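Reviewing the structure listed below.
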Amino acid sequence: MTFTPWRSLGKKTSFTEHSLAETLDGGQSFRWNQTDTGSLLGVWARNCVELRLHSGRLEWRSPTQAPVSKEELERYLGLDGLHDQACDALPWRSDPLLATAMQRFPGLRLLRQPFGETLFGFLLSAVKSIPQIKEGCERAAASFGEEIVPGVWAMPDWEDLVDISEEELRACKFGYRAKYVWGTARFLSERPGYLAQAEAASYEDARAMLMQLPGVGGKVADCALLFGAGKWEAFPVDTWIAKVMNASYGLAGMSLDQVAHFGRVHFGSHAGLAQQFLFSAARRDAD
DNA sequence: CCGCAGCCTCCCCT
DNA sequence: AAGGGGAGGCTGC
């Protein structure tokens, strides 16, 4: 496929090679891959974009057949003033663990992905590793999504999935998550506007709405809200975060829900951003 | 309200 | 070399 020329995204970026890769391919999103030239190629909604860091600037290009606007890209990457403000407002001054994690991933930020496809990815995430979730998303896109440019597929919308049988979903190797996807597609088809309503609702209301969906518990709901709806007070607690929090804040014996509540209280209205730094640091330590 | 097994599939380990 | 344990959870008992 042919691409537009590389374009620069404004002034110098706070991304490093490290934090760019961690932001796009570190578990928030499941549709970015490193290319053999060191750039990153990703898909969201009907958009396909290649990103690279060049002379301290963030550069991008998209297929000429499927151009992406600069505004859409900036929105997706969260390139506005809110990120720096949110970082500064985190309690790193009084929390050495957080301060260390933030120093280790300068430039790491939260994406603003399409809500529906973020939910889809995390619906597949139970007891799976990131590469496995990515494969599942890729199979779903190639099987049920629209081909944007040759060889690149958009994720299917939830409406596109309502006629897909559980057997067809199992053919994508979703395993027992196939019935979650099937049930969620059915649930949403019977309630037009449900996801849009959740996206517009307060964090607490949105979380309760998502948890009505089959296969969506507190952790999956928080991930969808944090990475796909801009609700930064969401504090997803997975096994990594639970382990770090238990060890570092004396939370041994707490349930995951209690740890999530502690996180929201301790880190404040941008708790999810703190979670992302801690998550990346914890995962890195394990390597 | 809490704790626990089971669930698809793949991977890593012995 | 075959088989058990566990992986970025949720559900139902």
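Predicted model only: the values in this text are computed from it and were never measured. Each chain gets a letter, A, B and so on, in the order the sequences are listed, and its residues count up from 1.
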Ring pair (Phe, Tyr, Trp, His ring centres under 6.0 Å) partners for A/Trp158, two or more places apart
A/Phe120
Less than 4.0 Å between a side-chain N and a carboxylate O, is that true for A/Glu166 and A/Lys179?
no
Using side-chain heavy atoms (C-beta onward) and a distance below 4.5 Å, is A/Trp6 in contact with A/Glu50?
yes
Under a 4.0 Å threshold between the charged nitrogen and the carboxylate oxygen, would A/Arg112 count as salt-bridged to A/Asp80?
no
A/Lys12 side chain to A/Ser55 backbone, donor-acceptor under 3.5 Å
no
Geometric cation-pi criterion A/Arg139 and A/Phe144, 6.0 Å radius, 45° cone
no
So what's the dot-bracket for DNA chain B: Watson-Crick or G-U pairs under 3.5 Å, [ ] if a pair crosses, | if it pairs off-strand?
..|||||.||||||
Who passes ring pair (Phe, Tyr, Trp, His ring centres under 6.0 Å) against A/Phe267, sequence neighbours left out?
A/Phe235
Using heavy atoms and a sub-4.0 Å distance, could you list which residues of residues 203-228 of chain A are near DNA chain B? By number, please.
none
Bounded by its outermost nucleotides with an atom under 4.0 Å from a heavy atom of chain A, the footprint on DNA chain C reads C/dA7 to C/dT11
I want to know whether A/Phe30 and A/Phe122 have ring centres closer than 6.0 Å.
yes
Across all chains, not counting sequence neighbours, the side chain to side chain contact (heavy atoms under 4.5 Å, CB included) partners of A/Met1 are A/Phe3, A/Pro63, A/Gln65, A/Val149, A/Val152
P spacing across the pair C/dG8 / B/dG3, given as an integer number of angstrom:
22 Å
Please report the distance separating the P of C/dA1 from the corresponding atom of B/dT9, rounded so that it comes out in whole Å.
26 Å
What string of B, S and - do you get for nucleotides 9-14 of chain B, 5' to 3', if B is base contact, S is sugar-phosphate-only contact and - is no contact with any protein heavy atom under 4.0 Å?
SS----
Return the stacking result for B/dC7 and A/Tyr176: yes when the ring centres lie under 5.5 Å apart and the planes under 30°, no otherwise.
yes
Quick check on contacts: within residues 253-263 of chain A, what sits under 4.0 Å from DNA chain C by heavy-atom distance?
none
Within this structure, what is the OH-to-P distance between A/Tyr180 and B/dG6, rounded to whole angstrom?
15 Å
Could I get the full list of side chain to side chain contact (heavy atoms under 4.5 Å, CB included) partners for A/Arg57, not counting sequence neighbours?
A/Ser8
How would you list, by chain and number, every residue that makes a side chain to side chain contact (heavy atoms under 4.5 Å, CB included) with A/Lys243, sequence neighbours excluded?
none
Looking at A/Glu117 and A/Arg31, is any side-chain nitrogen of the basic one under 4.0 Å from a carboxylate oxygen of the acidic one?
no
Run the side chain to side chain contact (heavy atoms under 4.5 Å, CB included) test against A/Arg7 and tell me which residues pass, sequence neighbours left out.
A/Thr4, A/Trp60, A/Ser62
When all nucleic acid strands are considered with a 4.0 Å heavy-atom cut-off, which category describes A/Gly136: base, sugar-phosphate, or nothing?
nothing
Residue pairs passing the salt bridge (charged side-chain N to carboxylate O under 4.0 Å, His left out) test where at least one lies in residues 256-268 of chain A, sequence neighbours excluded
A/Arg207-A/Asp257
Whether the A/Thr23 and A/Ser19 side chains hold a donor-acceptor pair (N or O, under 3.5 Å, no angle test) is what I'd like checked.
no
Which whole number of Å gives the distance between the P atom of C/dA2 and that of B/dC8?
25 Å
Ion pair A/Lys231/A/Asp222, N-O distance below 4.0 Å:
no
